[in-house]
Amino acid sequence: MTGVYNLVSSSSTPIVSLAEAKRQTNTVDFGDDDGLLTALLDVATQHFDLENGIIGRPLLTQVWEYTAPPPPLDNGRSDPRLRGLPAATGFVIDRAPLQSVDKVEYLQDGVYQTLATGQWVTRKISKELTFVRLAKGVAWPRVDDDEAAWKITLSLGYGATPDLIPAPIRHAALLMISHLYQNREAVTGFGAALQETPLAVAALVAPFRSPNF
């Protein structure tokens, strides 16, 4: 069973600060290029962050909704990710880092109803996977026959502030900012030696490429 993830809200804060970018690019003593550096902060953040990023993880705290049809009974028996675990019916959340499951709702007669917090539980399967199921003794409610019959609201990301993001990711962003600051053209060289600048046009637009193109 495959569900759909939809981004509800995210932070507008870049994963590194302008002050950090200025130190990385040796521009602390003047502000003429602050506008360019500010733009590059956003470029680097989007290049690494989950929605279109290259590492497949949310960085600063984001709220997402996962919608799915009703799960098959005892889907733990058929889902290879749940092999070796007790048979259970529920939903596998495969986005990480997961901070919390905030709400579970079900569609009944065209209107979403909230399942009380004590009626569902979460179980960490691995570093990447979390299983959401009903608590013991709770019966599955009647739901509409719909591809979005269930809606689970999640908080994802390393935390609310950039210092909580792993240092290697933040430093990679600084390296990228410095590279793009120093190399402002899509190509380098002249004549026969002309070549595409690394981490430039192709690399920046690749995450946005349609899989159907």
Side-chain angles (χ1 to χ4, degrees), residues 3-66 93-103 122 124-130 152-189 194-211 213:
V4 176
Y5 292 92
N6 294 293
L7 179 63
V8 176
S9 64
S10 61
S11 174
S12 60
T13 302
I15 61 175
V16 293
S17 68
L18 177 60
E20 291 172 310
K22 287 175 71 68
R23 288 194 295 271
Q24 181 72 21
T25 55
N26 295 317
T27 58
V28 174
D29 295 333
F30 64 95
D32 295 358
D33 290 339
D34 284 6
L36 172 60
L37 289 172
T38 298
L40 292 178
L41 295 178
D42 292 334
V43 170
T45 296
Q46 291 187 43
H47 192 67
F48 290 105
D49 209 0
L50 172 62
E51 188 175 12
N52 296 299
I54 63 171
I55 62 175
R57 292 181 182 279
L59 302 179
L60 292 174
T61 299
Q62 303 172 2
V63 176
W64 287 75
E65 287 179 348
Y66 172 81
I93 304 299
D94 57 2
R95 292 284 174 92
L98 175 66
Q99 295 180 18
S100 61
V101 175
D102 304 317
K103 186 190 296 186
T122 62
K124 195 76 173 175
I125 301 172
S126 69
K127 185 178 179 180
E128 305 294 327
L129 303 176
T130 299
I152 301 174
T153 304
L154 317 163
S155 291
L156 299 168
Y158 290 101
T161 55
D163 60 290
L164 298 174
I165 298 171
I169 297 176
R170 299 183 70 246
H171 191 65
L174 288 172
L175 292 176
M176 181 178 185
I177 290 168
S178 180
H179 168 72
L180 293 176
Y181 175 76
Q182 296 176 40
N183 299 277
R184 306 187 189 186
E185 305 294 335
V187 294
T188 58
L194 197 67
Q195 61 182 356
E196 183 179 350
T197 302
L199 287 178
V201 175
L204 293 175
V205 302
F208 299 89
R209 185 181 179 90
S210 170
F213 181 74

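Position 1 is the first residue of the sequence; numbering continues from there.
Take Tyr158 and apply the ring pair (Phe, Tyr, Trp, His ring centres under 6.0 Å) test, not counting sequence neighbours, and it matches no residue. Contacts of Thr61 classified as side-chain hydrogen bond (donor to acceptor under 3.5 Å, both in side chains), with partners at least two apart in sequence or in another chain: Gln99. Residues that satisfy the side-chain contact (heavy atoms from CB on, under 4.5 Å) test with Leu18, not counting sequence neighbours, are Lys22, Asp34, Leu37, Thr38, Leu41.
Distance check: Ser10 OG to Leu156 CG gives 11.5 Å after rounding to the nearest 0.5 Å. Rounding to the nearest 0.5 Å places CD1 of Ile15 at 10.0 Å from CD of Glu20. Note that CG of Leu98 is 4.5 Å distant from OG1 of Thr130, once rounded to the nearest 0.5 Å. Rounding to the nearest 0.5 Å places NZ of Lys124 at 8.0 Å from CG of Leu129.
Without hydrogens or angle criteria, Asn183 side chain to His179 main chain gives a donor-acceptor distance under 3.5 Å. Arg170 contributes no side-chain N or O that, together with a main-chain N or O of Ile165, makes up a donor-acceptor pair within less than 3.5 Å.
Of all non-hydrogen atoms in Ala44 and Ile177, the two that sit nearest each other are CB-CG1, 3.8 Å. Summarising the geometry of Ala96 relative to Pro58, their closest heavy-atom pair is O-CD, 3.2 Å, with the distance given to 0.1 Å. Among all heavy-atom pairs drawn from Thr25 and Ser178, the shortest one is CG2-CA, 3.8 Å. Residues Pro14 and Pro162 approach most closely at O-CG, 3.6 Å, considering heavy atoms.
Contact check for Asp49 versus Gln62: side-chain heavy atoms found under the 4.5 Å cut-off. For the pair Arg57/Glu128, a side-chain contact is recorded, criterion being any heavy-atom separation below 4.5 Å from C-beta on. Using a 4.5 Å cut-off on side-chain heavy atoms (C-beta onward), Leu59 and Ile169 make contact. Side-chain contact between Phe48 and Ile54 is present, with at least one heavy-atom pair separated by less than 4.5 Å. Put simply, the side chain of Ile93 reaches to within 4.5 Å of the side chain of Tyr5, judged on heavy atoms.
With no hydrogens or angles considered, no side-chain donor-acceptor pair links Asn26 and Tyr181 at under 3.5 Å.
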key: From CA spacing to verdict: side chain to side chain contact (heavy atoms under 4.5 Å, CB included), Val16, Gln24   = CA-CA 11 Å; Val16 293; Gln24 181 72 21; over 6 Å; no
message = Could you go through Thr153 and Val8, starting from their C-alpha distance and side-chain angles, then the distance that decides it, and tell me whether this counts as side chain to side chain contact (heavy atoms under 4.5 Å, CB included)?
response = CA-CA 9 Å; Thr153 304; Val8 176; 5.8 Å; no
ask   = Please walk me through it: do Asp102 and Ser155 pass side-chain hydrogen bond (donor to acceptor under 3.5 Å, both in side chains)?
value = CA-CA 7 Å; Asp102 304 317; Ser155 291; 2.7 Å; yes
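Both tests do not hold together for Arg95 against Tyr66: distance to the six-membered ring centre under 6.0 Å, angle to the ring axis within 45°.
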